[in-house]
Q: 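Just passing along the structure, written as structure tokens.
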2 protein chains.
Amino acid sequence: MSQQHVLSTPQASAKPLRRDAQRNRDAIVAAARKAFAEQGLDASLEGVAREAGVAIGTLYRHFPRRLDLVEELFTAKFTELLAASEEAAAMDDAWEGFCHYLEKLCQLQACDRAFNDLVSARLPLHALGRGMFERAGERAAQLFRNAQEKGVLREDVTPEDLAFVIWSQAGIIQATRAVAPNAWRRHLHLMLDAFRAQCAHELPEPPLTPQQVDQTLTTLECPEEECRECHEEA
Amino acid sequence: MSQQHVLSTPQASAKPLRRDAQRNRDAIVAAARKAFAEQGLDASLEGVAREAGVAIGTLYRHFPRRLDLVEELFTAKFTELLAASEEAAAMDDAWEGFCHYLEKLCQLQACDRAFNDLVSARLPLHALGRGMFERAGERAAQLFRNAQEKGVLREDVTPEDLAFVIWSQAGIIQATRAVAPNAWRRHLHLMLDAFRAQCAHELPEPPLTPQQVDQTLTTLECPEEECRECHEEA
DNA sequence: CCTGAATTCGAGGGGCCCCTCATGTTAGCG
DNA sequence: CGCTAACATGAGGGGCCCCTCGAATTCAGG
């Protein structure tokens, strides 16, 4: 139960890649990390290959679909996020835990444009990171309810309103990245004030339902989603 | 000095377009309005021409640069916004005026993806609508300070923080458009609560400076900006 | 060293888009 | 009605990108 750690470093698990292949793979991953962080999920794969000093065919050999590359890059980040949610859950003060989690989440968003795209509805997340995002989300919902029970968090919001934090940060990070890379933190604390019980005024719209949030995360353009089924089974 | 008024309603001012030309122009504008509203500022011009039942060359004859088309489409919206800022200024209650303006602004963002792109830093706004956005912004800043003097608006925010509203709404509208087209209103009212004096907690980051906001609005990728200079003067 | 399997290469087909320009068409004035 | 300036057309050059596949290369075990 401790031996079989399912790390996603594939050079360990599947087959020990040939040495040159491993080298290329690493170069691709490195280049991709940079390109995705800077340009977001739509980064050009040809650009990545170029940057990695590798032919485009090689990139496709290692990562047949864009999503495979994304997965390789971001399971680590989702693990980090999951860890943060656990740290937060372990904290004494419910509100503090809540803040801690959100701070971490937003920080991850701010550091990486593709991650920002990712959590703000740009790809079928279910496919990624073994549902870690969902698990982190559930833990966050727990924190949320704890804080509500303590009376620090206003009553008329639901865990679904956390999506607002993610989405709004997506916009702000996007806009301020170049000029004021820490501005998002100011906005986060404004939103935290909005979530406090003390100053709750009636809200004009009902909260999103969990289903709506779910739809939002998947409705987006992603041609591969069905391809995942009709992939290989003959 | 008054004759050479450079109004942008070209059918009235410059030269009465030939009838067929006017018809085509109108068709292009209509198609463009739709395409931009749905797809944002990057909408394909070839698509617009196709939709308008017109050859691509015709589109370029009427609107040599993409920005010309954008300008045609959006001065109306900026006028609306400016009007809203005046209505708001005329209101008795400072806070109410403040809300009114923001509501209108966000509504405009929500209705049109390109407008959303536009106000959230996707193009050199200075070029557009004869600085109407700036004027509306100044009026909004006035409302802002009024509300602060009355003590309803917290003291530690500045008019520059209004940019957060725009940017965050940009993200939220983008994400929820398909599934919950009115969700932005809920978020707006959360943010309004954040701006209230009652529940102000210390903010960790300083506000943006006006210069930073300005940079944010122009730093973005816009290859035409220099072309505006080296356009025609020989 | 040799050989076969694994890996790499990169040209090339397809797609979408931007923008130009030589050629053909038309409106509308005289 | 006829003529000309204004207008419309759409093929075509250039760009960037996705992804495939047969030929060439390289690793590594025998």
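A, B, ... follow the sequence lines: proteins, then strands. Residue 1 opens every chain. Quantities reported herein were computed from a predicted structural model and do not represent experimental measurements.
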Q: Which word best sums up how the rings of A:Phe115 and A:Phe74 line up, parallel for under 30°, tilted for 30 to 60°, or perpendicular for over 60°?
A: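 A:Phe115 vs A:Phe74 ring planes: tilted.
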Q: All N/O contacts under 3.5 Å from nucleotides 15-17 of chain C to the protein, with atom names and distances to one decimal?
A:
none

Q: Would you check if A:Leu118 and A:Phe133 make a side-chain contact, meaning some heavy-atom pair closer than 4.5 Å?
A: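 Contact flag for A:Leu118/A:Phe133 side chains = no.
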Q: Can you tell me how far P of D:dG12 sits from CD1 of B:Ile56, to the nearest Å?
A: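 One finds 17 Å between P of D:dG12 and CD1 of B:Ile56, rounded.
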Q: Round to a whole Å and report the spacing from OH of A:Tyr60 to C1' of C:dT7.
A: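 Nearest whole value for this atom pair: 18 Å.
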Q: With a 4.5 Å limit on heavy-atom distance, are the side chains of A:Asp68 and A:Tyr60 in contact?
A: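 In short, these two side chains do not touch, never coming nearer than 4.5 Å.
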Q: Measure CZ/A:Arg61 against P/D:dT25 and give the value in whole Å, please.
A: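 So the CZ-P distance, A:Arg61 to D:dT25, works out to 17 Å.
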Q: Between C1' on C:dC9 and NE2 on A:His62, what's the gap in Å once rounded to a whole number?
A: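 My rounded result for the distance is 12 Å.
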Q: Considering the options B:Gln107, B:Arg177, B:Gln109, which one meets the side-chain contact (heavy atoms from CB on, under 4.5 Å) requirement together with B:Trp184?
A: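 Answer after filtering B:Gln107, B:Arg177, B:Gln109: B:Gln107.
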Q: Measure the distance from CG on A:Leu69 to C1' on D:dC18 and round it to the nearest whole Å.
A: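 Computing the A:Leu69:CG to D:dC18:C1' distance gives 14 Å.
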Q: Decide, yes or no, whether a salt bridge links A:Glu160 with B:Arg186 under the criterion of side-chain N to carboxylate O below 4.0 Å.
A: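 Judged by the 4.0 Å cut-off on N to carboxylate O distance, A:Glu160 and B:Arg186 do not form a salt bridge.
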Q: Looking at B:Lys77, B:Lys34, B:Arg33, which one forms a salt bridge (charged side-chain N to carboxylate O under 4.0 Å, His left out) with B:Asp112?
A: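 Single pass found, and it is B:Lys77.
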Q: Check the interface with nucleotides 28-30 of chain C: list each N/O to N/O pair with the protein under 3.5 Å, or write none.
A:
residue : atom : partner : partner atom : Å
C:dG28  : OP1  : B:Arg19 : N            : 2.8
C:dG28  : OP2  : B:Arg19 : NH1          : 3.4

Q: Can you tell me how far C1' of D:dT20 sits from CZ of A:Phe63, to the nearest Å?
A: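 Atom-to-atom, A:Phe63 to D:dT20, this comes out as 19 Å.
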Q: Yes or no on side-chain contact (heavy atoms from CB on, under 4.5 Å) for B:Arg139 and B:Leu82, after CA distance, side-chain angles and deciding distance?
A: CA-CA 9 Å; B:Arg139 278 214 176 61; B:Leu82 193 55; 3.8 Å; yes
Q: Quick one: is A:Asn24 getting a side-chain N or O under 4.0 Å of the C:dT7 phosphate, OP1 or OP2?
A: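 Indeed not, no polar side-chain atom of A:Asn24 lies that close.
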Q: Could you check how far CD1 of B:Ile28 sits from C1' of D:dA8, rounded to whole Å?
A: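 Roughly 10 Å, once rounded to whole Å.
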Q: With side-chain hydrogen bond (donor to acceptor under 3.5 Å, both in side chains) as the test, would you mind laying out the steps for B:Ser44 and B:Glu46 before giving the verdict?
A: CA-CA 5 Å; B:Ser44 151; B:Glu46 298 210 304; 5.5 Å; no
Q: Please determine whether a side-chain nitrogen of the Lys or Arg among B:Arg23 and B:Asp26 lies less than 4.0 Å from a carboxylate oxygen of the Asp or Glu.
A: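 Not counted as a salt bridge, because no side-chain N and carboxylate O are separated by less than 4.0 Å.
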Q: Between B:Arg23 and B:Pro64, who's closer to the 5' end of DNA chain C by nearest nucleotide?
A: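 Result: B:Pro64.
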